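Note sheet for the following structure.
All of these numbers come straight from a predicted model, not from anything done at the bench. The chains referred to below are lettered A, B, ... by the order of the sequence lines, with proteins before strands, and numbering in each begins at 1.
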Number of protein chains: 2
Amino acid sequence: MVRSTTTAEQSQADQQSVEGQQPVVTPVGAEGCRPMRADARRNREAVLTAAASAFAENGVESPLEDIARQAGVGIGTLYRHFPTREELVFGVYQREVAQLCESATALVDELPPAEALQEWMRRFVLYAATKRGLVGMLRTMMADRTDLFAETRVRIRDAANLLLTSAAAAGEIRDDITAEDLTRSIGGICMASDGPVWSPANAGRLVDLVFDGLRFGAPNKR
Amino acid sequence: MVRSTTTAEQSQADQQSVEGQQPVVTPVGAEGCRPMRADARRNREAVLTAAASAFAENGVESPLEDIARQAGVGIGTLYRHFPTREELVFGVYQREVAQLCESATALVDELPPAEALQEWMRRFVLYAATKRGLVGMLRTMMADRTDLFAETRVRIRDAANLLLTSAAAAGEIRDDITAEDLTRSIGGICMASDGPVWSPANAGRLVDLVFDGLRFGAPNKR
DNA sequence: TAACTATACGGAGGCACCCTCCGGTTCGCA
DNA sequence: TGCGAACCGGAGGGTGCCTCCGTATAGTTA
């Protein structure tokens, strides 16, 4: 709209993710700059955490000043890290995708392959169903800035692939489903479960439906 | 196609004067009451006109105060007629649907049946492609307040039916397509052509594609 | 350890927009 | 023509957005 949106050259590099509480989480742009100062990184994380819970509770339109306060940070700091609301939304999305994808490897270790897959699908959809309006905003951004999503898309595909192949190898699901098939189905459920008639329960049923489809015709039925 | 709104206005007035069944067109609250005062009706129309052009130009987030100013009306007046932005959006939508549906009968008279149908489809999609973000907002509202859209849905279906049957009767298109099929296809195009990558040209190509589908297998090919 | 500097912090302030409220005006009817 | 109900308008208080710049501090060098 008429808002200025100056989008200064702003390019928060961080890209230093060696020992990892949070993996990478690279904001857009810049490579090779010096690493972020410790306090900056701390604040950035605090803002993301506060934003995630604010979005979940009050939707993506939550006042940015509330988020800053909740993070124990000035509004200026929030704006320095995320010059626009969209960048903040994307930051939250990116971090949660990373967590979700990491959980895939843990699940594979802890559970039987098919259960791991099902649980992962549930978590995936739950993320979306929990954040009111977030999916809608992401969908809009996706149409505009496809490039931003390239990295997360690959991550998701790899995680899906891991779970699918291990379940297929165990014969617990059919083996003719690709990671793309799976992510597309789940993505569809996420889109569908966004919006005013918002219901995690419905989303869960849809996930189970897709999962049954995966089991259909599997060698080792149970 | 610049058409005056007088006919639409007239028909609304007619409907209102018939007792019973208030069409949803009446402003909120007025329940079986006397008709609107002349100045109120005038202002209401002015606001709708200004809103339509503001939405087209700056998107559905246009400041309401600009719209009021453009309409030559105080902000209080705008709020009295449309207490929320959504109601204003719906008002614009409703009026334009009415115009569009009326144009169907005119088109049937003026053009060969198939051309009339194609032209109508084009106009339909053009409306949507012209208003940035409007379709998205309507989609959200639809999920929430299905009841509001019942009337417009019927209108659209009737108009589509008129065009379809006359073109099918002339053998210029196949006869196994229902009005629901058509409106669903067109609706899909409208959804697709909303969003940041906004392009009437693309929408037009999609319409032609659907139209070719309608001609496929028609008795009288040309 | 102290001094130094590049970097980050914070919040006041200006602006845009939202929405309400109520005194003044106008319409439509008798 | 007179009257009351209905309508008009815009001032004003409130909220949220975003910027700007003086102050604080992490990390580095001597």
Nearest-Å distance for atom pair OH/P, residues A:Tyr79 and D:dG16: 12 Å
Nucleotide N/O of nucleotides 4-8 of chain D paired with protein N/O under 3.5 Å:
residue	atom	partner	partner atom	Å
D:dA6	N3	B:Arg37	NH1	2.9
D:dC8	OP1	B:Asn43	ND2	2.4
D:dC8	OP2	B:Arg80	NH1	2.6

Rounded distance in Å - CG (B:Asp66) to C1' (C:dC18): 13 Å
Every protein N/O lying under 3.5 Å from an N/O of nucleotides 13-15 of chain C:
none

What pairs meet the ring pair (Phe, Tyr, Trp, His ring centres under 6.0 Å) rule with one or both residues in residues 128-166 of chain A, with sequence neighbours excluded? A:Phe90-A:Phe149, A:Tyr93-A:Phe149
Take atom CZ of B:Arg69 and atom P of C:dA16, then tell me their distance rounded to the nearest Å. 11 Å
Can you name the side-chain hydrogen bond (donor to acceptor under 3.5 Å, both in side chains) partners of A:Arg153, sequence neighbours left out? none
Under the side-chain hydrogen bond (donor to acceptor under 3.5 Å, both in side chains) test, residues paired with A:Arg157 that sit two or more places apart: none
Which residues pass the salt bridge (Lys or Arg N to Asp or Glu O under 4.0 Å) test with A:Glu86, not counting sequence neighbours? none
B:Phe124: partners by ring pair (Phe, Tyr, Trp, His ring centres under 6.0 Å), with sequence neighbours left out: B:Trp120
For B:Arg85 and C:dA16, give me the distance from atom CZ to atom C1', rounded to whole Å. 12 Å
By side-chain hydrogen bond (donor to acceptor under 3.5 Å, both in side chains), A:Asp147 pairs with (sequence neighbours left out) A:Arg145
Please figure out whether A:Pro63 or B:Gly76 has its closest DNA chain D nucleotide nearer the 5' end. B:Gly76
5'-most by nearest nucleotide on DNA chain C - A:Gly72 or B:Thr84: A:Gly72
CG of A:Leu88 versus P of D:dC18: gap in Å, rounded? 12 Å
Is there any side chain to side chain donor-acceptor pair (under 3.5 Å) pair reaching into residues 46-57 of chain A, and which pairs are they, with sequence neighbours excluded? A:Thr49-A:Arg95
Round to the nearest Å and state the distance from B:Leu64 atom CG to D:dG10 atom C1'. 15 Å
Test B:Glu65 against B:Arg69 for salt bridge (Lys or Arg N to Asp or Glu O under 4.0 Å), laying out the working first. CA-CA 6 Å; B:Glu65 325 220 64; B:Arg69 200 174 313 116; over 6 Å; no
Rounded to whole Å, CZ of B:Arg42 lies from P of C:dC27 at a distance of 7 Å
With a 4.0 Å cut-off, would you call B:Glu151 and B:Arg155 a salt bridge? yes
Provide, to the nearest angstrom, the distance between the CD1 atom belonging to B:Ile67 and the P atom belonging to C:dA16. 17 Å
